[in-house]
Asker: 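Sharing a structure, written as structure tokens. Questions coming.
Computed from heavy atoms alone, side chains included, the values below leave out hydrogens, waters and symmetry copies. Chain letters run A, B, ... following the sequence lines, proteins first, then strands; residues in each count from 1.
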Amino acid sequence: MFCPLVWLCSAGSLPSPMPPIPLPPTPCAADSTPRPAGDAVPHRSRKPITRRQRCRITTTSSSSALYAARVLIADAPTPRAFSALFKAASSSSPSPSPSPSQSLGAQLHAQAVVRGFLGDVDNTILSTAILNFYASCREPDLARRVFDRMARRSAVTWNALIKGYAQAGRRDEALALFRCMRRQDGVAPDKYTFPALLSGIGRNRSGGCVQELGAAVHAQVVKSGLDKDPFVGASLLSMYAATGALEDVKAVFDDMDTLDPVVWSSMISAYVNCKEEEAALLTFYKMLCQDITPRQFVYSSLFAICGSMSMLEMGRQVHAHSLKNITDNDAAMTNALLTMYSDCGCIDDAWRVFDSNDIVDVISYNSMILALGQHAHPKEAVELFKRMKFSGLIPDEVTLLNLLSAFNHAGLVHEGLHLFNSMLDIEGIKPSYQHYACVIDMLARSGEIEESMKTIKEMPFEAETPLWRIVLGACSKHGDIETGMKIAEMLFEKEPYEPTNYILLGNIYARLGRWTETENIRSLMEKSGIDGDDAFSWIEMGQRTHRFGVDDRAHPISEEIYRNLDRLMGSIKAAGYVPDTSFATHSTGKNRREESLRYHCEKLAFAFGDLASPSGDTLRIMKNLRVCGDCHSAYKYFSLVTGRKIVLRDNHRFHHFYKGACSCRDYW
DNA sequence: GTAGGGTTAG
């Protein structure tokens, strides 16, 4: 049986040191003779460094740090000064290509060698600073080279190297180092070690028994007496949240007995990760009751909850709350706010947040392009993409995916294919599986099923079942029974218990009026005990969420809702609505099929909203599955006869109904 | 010379 404690205490060995290698290129290669400490390289000016310049080294961007570094080296070229400079170089964010901070660090490293600062046996502090610099740049192997050359290593040295491997996603090497550290005399894991190690376990969920590893490290935390430390506790919470172990998350939190804001923030985010939105909100209220002022991180999590659940009123309240407590702008929080408004169906509010944002980054643009695509504004998405490039920001793979998705939602196949075919040459981004999946979805959805199958065969990736399901859905939409059956058979083999596969094939038969086959599939599902997801819709009204299933009569004012729906159906029929019984999935006669469409959940939700809100108000309705074609038609007429704007969010996108038309132009 | 929490796709 696996024993965490035994595992952690096992005699794992530190990977053997690598052979010595040349240090990073030095700009002073010609002057490579090490100089004793304090022997300064000749310089042009010796202006004394000011207090403000020293401060800038540790607090500001790498370009300011570089300037300050030059001044400081000229002024006080001591090992201690170099350590401070490496700290400045480490503070900027890592980048995959050689960044200014990396080149600055490499220059400093060379200077330190040239000046002989690393020849001294007692160079632990400076070497650790250099090691930490490479670790921060996601270059753990370079950090390891510095580590291997050190005569003495402190706990700080070990911690920095463990962090380097953990943050680069190299969990096993981080763990091997941790085991080695435990065996060293005079060095013991401390409150810095565990956060570094735990972040790596949470980050890398592939391979090994992640939960057992986490539990093993947790046991070591307790053994070290650090389980009450807020930094260690927050790391433990996040690690357990990443592995989905909510009970362990709660146990750690309950044991903490802390008022530390980051621990509360981690707890809220853990609930969000585990899809426990109500518990997250409750924790937020408890946090406020403890007089802890929330920071940006907390609001980001709350906006994500309100968006995912389409709780607009709650979202507005949280937004107002954040305005009272947060004075400094933060890109991530603002981006979360933008997405919250979009997810709640308020694309105009999302625009307002985007336009008023002082710090606009790649994710801001990506989020807004995504929102515009989901709300059927492909032209604006393209304009924003151009604006993004004009501003100097470089689009990434998500940008192109979101833009492709905007074309897909609008059925702009030609534009989508043009972007896809030119993305490597023009934007320098190689299409990933997701880009292929989006294009295949676009082709199939538009009726080009043969072309989509050809693309699946030709793409350099193996198609996964969700992608096949998308094409099967398109076969249902376009009545391609031959291809649909082939895909369904393959899917039944791979996923015999996935209900959607059966439902989609059943829908193909139903839409072609082949009721015998439809019933056969239905009885096969029943015999096999396979249950599909029940469709439901919901609407926020009077600070409450009202949920409706199909033919649902559970609502307290159900009778009034049904009466209103019957009245509305009469009105829209008079205006020209004709029920589309091809969307009914039962074989019973035409009248019964019409009846079965009448009380679909999205129609009930609209009838309730119409009853419960002042005439003329916009109604925002959500559905957990794709909107039914007949309901889509009915909604257009609802908007016509009631004069209301209706925003319907389904599991894929938004439909804006107004004056008898939908923003999707009947393409979805 | 070292540490924890948040945002974008499908």
Asker: A:Ser405 has a side chain; which of B:dG6, B:dA3, B:dG10 sits nearest to it?
Answerer: B:dG10
Asker: Regarding A:Ser266, tell me which of base, sugar-phosphate or nothing describes its non-hydrogen contacts under 4.0 Å with the strands shown.
Answerer: sugar-phosphate
Asker: Of the listed nucleotides (B:dA3, B:dT8, B:dG5), which one gets closest to any side-chain atom of A:Phe231?
Answerer: B:dA3
Asker: Among B:dT2, B:dT7, B:dG1, which nucleotide sits nearest the side chain of A:Ala129?
Answerer: B:dG1
Asker: Ring of A:Phe147, cation from A:Arg153 - is the NZ or CZ under 6.0 Å from the centre and inside 45° of the axis?
Answerer: yes
Asker: Using a cut-off of 4.0 Å on non-hydrogen atoms, how would the nucleic acid contact of A:Pro230 be classed: base, sugar-phosphate, or nothing?
Answerer: base
Asker: Of all the nucleotides listed (B:dT8, B:dG10, B:dT2), which has the minimum atom distance to the side chain of A:Gln374?
Answerer: B:dG10
Asker: Go through B:dA3, B:dG5, B:dG1 for me and flag the one nearest to the A:Asp229 side chain.
Answerer: B:dA3
Asker: So A:Asp260, base contact, sugar-phosphate only, or nothing? Heavy-atom distance under 4.0 Å.
Answerer: base
Asker: Could you point out which residue of A:Asp396, A:Thr339, A:Asn335, A:Asn402 forms a side chain to side chain donor-acceptor pair (under 3.5 Å) with A:Asn366?
Answerer: A:Asp396
Asker: Side chains of A:Met256 and A:Lys228, heavy atoms from C-beta outward: is any pair under 4.5 Å?
Answerer: no
Asker: Looking at the side chain of A:Gln434, which of B:dA3, B:dT8, B:dG10 is the nearest nucleotide?
Answerer: B:dG10
Asker: Please give, in whole Å, the distance from B:dG10 P to A:Arg469 CZ?
Answerer: 16 Å
Asker: Can you list every pair that meets salt bridge (charged side-chain N to carboxylate O under 4.0 Å, His left out) and has a residue in residues 359-368 of chain A, with sequence neighbours left out?
Answerer: none
Asker: Residues in ring pair (Phe, Tyr, Trp, His ring centres under 6.0 Å) with A:His409, at least two apart?
Answerer: A:His652
Asker: Against the six-membered ring of A:Tyr436, is A:Lys430 placed for a cation-pi contact (under 6.0 Å from the centre, within 45° of the normal)?
Answerer: no
Asker: Nearest of B:dA3, B:dG6, B:dG5 to any side-chain atom of A:Met333?
Answerer: B:dG6
Asker: Could you work out which one of B:dA9, B:dG10, B:dG5 sits closest to the side chain of A:Val398?
Answerer: B:dA9
Asker: Students often get this wrong, so: under 4.0 angstrom with heavy atoms, is A:Thr334 touching a base, only sugar-phosphate, or nothing?
Answerer: nothing
Asker: Could you list by number each residue of residues 299-308 of chain A showing a heavy-atom separation from DNA chain B of less than 4.0 Å, or answer none if no residue does?
Answerer: A:Ser300, A:Ser301
